[in-house]
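On a predicted model such as this, the values are computed, not experimentally measured, just so you know. Along the sequence shown, the residues carry numbers beginning at 1.
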Amino acid sequence: MKTRLLLLSTILFSFSINAQIDFGPHIIVDDTGGTNNPQSVIAADLDNDGDLDMISSSLGDSKIAWYKNTNGSFGTQQIITENANRAYQVIALDIDNDGDEDLVNATYYGIFWYENTDGQGNFATAQPVSPAVVKARDIDAKDMDGDGDLDIISSSGSTNSISWFENMDGQGTFAEEHFITTDTALYQKIDVADLDGDGDMDILASDYTNDDVGWFKNINGQGDFGPKQVITSDVQRPQGISAADLDGDGDLDVISTSQLFDHKLVWFENLNGQGNFGPQRFVNPDVYGQFLVTTADLDNDGDLDVISGGSAQGIIYWYKNVDGLGNFGPKQQITDQIEYLSDLNLADLDNDGDMDLMSASATDDKIAYYLNTDGQGNFGSQQIVVEINGTNRPYTVMSIDLDGDGDKDVLSASNGDDKIAWLENLDGLGNFSEPKTISLLLDYPSSIDAADIDGDGDMDVVSESFYDKTVAWFENIDGQGTSFTPHIFSPLNSIPYVTYSMDVDNDGDMDIVSGGNFGLIWYENTNGQGVFGSSRVINSAPQCIESVRAADLDNDGLLDLVSADWCNDVLFWHKNNGGGNFGPQQIISTEISSTYSVILADLDNDGDQDVLASSFGDSSAVWFENMDGQGTFSSIRGINNNAEGAYEVYAKDLDADGDTDVLTASFQANTVYWHENLGNGNFGAEQAISSEAKSTTCVFADDYNNDGKMDVLATSYLLDEIIWFENKGPLSIEENTTNLFSIYPNPTTGLVNIQSVLPISEITVYNNLGQLLFTLEEKNQIDISTLHRGIYFVKIKSETGQIETKKVVKK
């Protein structure tokens with residue numbers, strides 16, 4: 001089973017002294033060795049062997065990594081850092097003038113550089129270029145002040161500024177920020193070049209807010225700049241820009257995207273070589289969604305061609321400069337095998353004298369390249385350097401015994417890779433297999449459910465396709481999950497968000513209910529073997545339904561339906577009148593805000609089903625009491641009003657005290673909470689099971705290791721992780737209340753001393769994933785100097801059995 005490398009931003013090991021239950025994380029799907037939401041890809045010779053290696057930065061896993069070029073193919077990922085929080089662009093340059101290529105990275109928390117310490121691609125820790133308040137998006141490196149070394153130029157989307165940072169000594173010591181402009185603009189991209197032919201570096205910038213492209217003149221060659229000179233205001237949401245000599249007259253022209261309404265790719269001639277630009281000229285007057293652009297001589301005819309790429313379509317095109325004067329031929333497709341392009345660059349990757357293409361794509365988590373096969377602009381198929389391992393954007397998870405061996409397996413729907421998958425519980429102890437694909441046929445699935453659809457005694461799988469507007473079930477052929485047969489319903493009129501299986505018409509087989517922006521519909525299982533009739537309407541009001549649950553709310557023996565409309569903030573139920581006929585919508589509450597999850601459970605132990613719901617907009621989990629067992633509900637009752645972006649809720653007895661506790665997945669707080677039911681639906685304060693599940697969208701509970709206790713299952717959407725948290729039971733009194741041991745110094749650079757009232761029998765050190773690192777016996781000092789910086793947990797046990805856990809910070 002794969003485990004994360006140390007210090008990856010992921011789930012903190014839970015040793016909270018306030019918790020009533022000790023939960024230990026087990027990451028069963030992660031992206032170790034992969035890349036998560038890559039934002040940048042470049043080529044540079046990092047190991048001084050004469051060829052170009054590839055470097056990437058990725059936002060989701062805070063990673064900068066490189067890949068060695070060996071005869072035109074690229075090796076495994078070599079991590080430079082996993083602490084580049086919210087990493088955007090990375091560039092390569094010799095920042096300290098020692099003859100090798102260093103790296104500079106733009107992040108939301110400042111700009112940093114990494115020294116190539118030996119010229120072989122071994123890098124030192126991050127050194128700051130800018131203050132942390134500089135929320136950098138796009139960077140470049142040029143000599144701005146004419147002193148012979150490379151300075152760093154940055155655009156900052158949050159501060160609406162462009163600035164540069166002076167390399168004071170040519171060794172990477174940077175001065176305070178020099179502002180070029182601070183105004184109402186949102187400068188997405190910059191390009192630094194000599195636009196007016198006076199020998200110093202000017203700055204070209206695209207203003208996304210004000211729909212213009214302009215440049216700033218370096219007025220004295222020392223980094224003092226004049227006001228913005230607008231080249232054009234006839235572009236809609238410009239982003240990609242580039243300065244290049246498109247007409248072969250020796251000066252730099254400007255090319256720009258225009259992506260919002262007019263979808264054009266245009267360029268502007270530098271009329272006199274001094275920064276006076278002519279009217280727009282088309283590269284392509286109508287090319288949808290292209291927002292990145294660059295230039296290179298792709299066909300080796302001596303002039304510059306244009307390369308552009310876009311997001312939604314995931315297509316990269318190139319345009320031949322047919323006469324060397326800036327007249328361009330039709331678009332030629334290089335690839336459409338990407339999802340949401342975030343960066344493209346050109347370099348000679350195979351040393352054959354022509355320019356190849358590199359791409360980084362954010363949604364499919366992919367770094368790839370495309371060889372220019374003949375030097376004429378004919379490109380080979382996509383070659384993947386690195387992509388996601390496991391699943392991409394796991395949105396929903398649940399557990400069921402899918403292979404009939406008596407333990408709980410995990411089902412997942414991930415909409416980044418359109419994958420329905422399951423993970424086998426290999427030993428009944430919570431050790432899971434790699435994801436086994438059930439289907440890749442559904443375009444953007446968002447829900448998952450399991451039931452015996454065909455009446456053969458095993459569990460089948462149900463889901464839907466957001467973009468194809470279809471509902472599907474997958475037949476478990478042998479009952480062991482080895483193969484599945486898809487059964488996809490004809491397209492709906494509108495978009496399904498959720499699919500749920502239940503016996504709607506009380507005839508003993510499992511029907512399917514679907515909700516979306518069309519309301520609620522159901523499909524009858526006509527023969528009990530998975531042959532379904534046409535859709536039947538339950539509620540046709542225009543709504544946004546992402547969660548549906550069934551229970552007998554009025555004690556008449558029939559399953560009623562509860563759902564929520566998150567567009568209109570309405571929680572409601574429909575009475576089942578029998579035979580699949582439902583009564584009108586009955587409102588439970590209009591006091592919620594963007595409810596994405598509803599659960600039915602007896603929260604007050606009075607024998608009927610209450611309603612539990614998330615309220616995303618209010619950052620809360622709430623419940624409504626079934627007052628009379630007939631579907632008359634109370635007003636809103638709060639459980640958790642501190643779950644920022646409360647996305648999903650679940651209910652289970654976690655502490656084995658006979659009542660039902662509540663779980664909340666908080667998307668924006670990156671936290672999974674649980675609330676103890678103190679009795680009769682009165683809930684205690686939130687207790688964090690995990691506070692580093694980045695953008696968690698789903699939470700579930702089941703017994704994964706067969707110890708009789710309810711464990712917790714969750715997603716980390718942006719980290720592409722599926723995690724289960726082992727319920728280790730109540731923490732002992734000693735772990736919660738005593739203070740028999742103390743540690744110092746803390747933080748530490750290496751040695752940690754332990755002062756103890758009682759003799760120590762054992763010391764156990766864990767990383768922040770809860771993974772055991774090492775164990776010592778009868779020691780009063782531990783050495784963690786070889787460990788990376790970060791948070792660790794030291795569990796100390798006395799000879800008489802008392803235990804305390806201490807958090808240690810390694811500097």
For the residue pair [Y] / [X], report whether a side-chain donor-acceptor contact shorter than 3.5 Å exists.
X: Tyr596; Y: Glu648; answer: no
X: Gln39; Y: Asn37; answer: yes
X: Asn48; Y: Gln120; answer: no
X: Thr671; Y: Ser691; answer: no
X: Gln687; Y: His675; answer: no

Do [X] and [Y] have side chains that get closer than 4.5 Å, going by heavy atoms?
X: Glu115; Y: Asp98; answer: yes
X: Asn105; Y: Ile111; answer: no
X: Thr396; Y: Thr697; answer: no
X: Tyr673; Y: Ser666; answer: yes
X: Ile763; Y: Asn780; answer: no
X: Asn727; Y: Asp22; answer: no
X: Val699; Y: Leu713; answer: no
X: Val622; Y: Arg637; answer: no

Residues in ring-ring contact (aromatic ring centres under 6.0 Å, His included) contact with Phe700, at least two apart in sequence or another chain: Tyr650

Can any side-chain N or O of [X] pair as donor or acceptor with the backbone N or O of [Y] at less than 3.5 Å?
X: Asp102; Y: Ile95; answer: yes
X: Asn670; Y: Ser695; answer: yes
X: Asn415; Y: Ser446; answer: no
X: Asp703; Y: Gly708; answer: yes
X: Asn425; Y: Phe432; answer: no
X: Trp422; Y: Thr437; answer: no
X: Ser414; Y: Asp417; answer: no
X: Trp113; Y: Pro128; answer: no
X: Asn116; Y: Leu46; answer: yes
X: Trp66; Y: Gly121; answer: yes

Considering non-hydrogen atoms only, spot the tightest contact between [X] and [Y] and give its length.
X: Glu101; Y: Phe123; value: O-CE2, 3.9 Å
X: Asp711; Y: Phe725; value: CB-O, 3.3 Å
X: Thr696; Y: Tyr647; value: O-CB, 4.1 Å
X: Val90; Y: Ser56; value: CG1-C, 4.3 Å
X: Phe23; Y: Leu654; value: CZ-CD1, 4.5 Å
X: Ile367; Y: Pro38; value: CD1-CB, 3.7 Å

Sidechain N-carboxylate O distance under 4.0 Å for Asp720, Arg393: yes

Lys/Arg-Asp/Glu bridge criterion (N-O < 4.0 Å) met for Lys728, Asp707: no

At what distance, to the nearest 0.5 angstrom, does [atom1] of [X] lie from [atom2] of [Y]?
X: Ser597; Y: Leu612; atom1: OG; atom2: CG; result: 7.0 Å
X: Ile722; Y: Ser412; atom1: CD1; atom2: OG; result: 4.0 Å
X: Leu402; Y: Leu411; atom1: CG; atom2: CG; result: 5.5 Å
X: Asp118; Y: Asp100; atom1: CG; atom2: CG; result: 7.5 Å
X: Ile64; Y: Glu82; atom1: CD1; atom2: CD; result: 11.0 Å
X: Ile639; Y: Glu686; atom1: CD1; atom2: CD; result: 11.5 Å

Derivation of the side chain to side chain contact (heavy atoms under 4.5 Å, CB included) call for Leu103 and Ile55: CA-CA 9 Å; Leu103 296 175; Ile55 307 102; 4.0 Å; yes

Full working for side chain to side chain contact (heavy atoms under 4.5 Å, CB included) between Trp674 and Ile21: CA-CA 10 Å; Trp674 80 281; Ile21 299 176; 3.8 Å; yes

Stepwise side chain to side chain contact (heavy atoms under 4.5 Å, CB included) test for Asp653 and Met710: CA-CA 7 Å; Asp653 184 2; Met710 285 295 113; 5.7 Å; no

Verdict with supporting geometry, Lys68 and Asp49, salt bridge (Lys or Arg N to Asp or Glu O under 4.0 Å): CA-CA 10 Å; Lys68 179 176 174 60; Asp49 64 353; 2.9 Å; yes

[X]: which residues meet the side chain to side chain donor-acceptor pair (under 3.5 Å) condition with it, sequence neighbours left out?
X: Thr482; result: Asp478
X: Asn682; result: none
X: Ser447; result: Glu464
X: Thr117; result: none

Residue among Val794, Thr748, Ile782, Ile796 satisfying side chain to side chain contact (heavy atoms under 4.5 Å, CB included) with Ile743: Ile796

Step-by-step side chain to side chain donor-acceptor pair (under 3.5 Å) determination, Gln127 to Tyr114: CA-CA 6 Å; Gln127 302 180 55; Tyr114 299 83; over 6 Å; no

Test log, rule side chain to side chain donor-acceptor pair (under 3.5 Å), inputs Asn753 and Gln781: CA-CA 4 Å; Asn753 299 301; Gln781 187 181 73; 2.8 Å; yes

Whether over 12 other heavy atoms sit under 6.0 Å from Lys436 NZ: yes

side-chain hydrogen bond (donor to acceptor under 3.5 Å, both in side chains): pairs with one or both residues in residues 398-411, sequence neighbours excluded: Ser399-Asp702, Ser399-Tyr704, Lys408-Asp702

Ring geometry between Phe616 and Phe667 (parallel below 30°, tilted from 30 to 60°, perpendicular above 60°): tilted

Chi angles and distances behind the side chain to side chain contact (heavy atoms under 4.5 Å, CB included) call for Thr764, Phe774: CA-CA 6 Å; Thr764 310; Phe774 57 83; over 6 Å; no

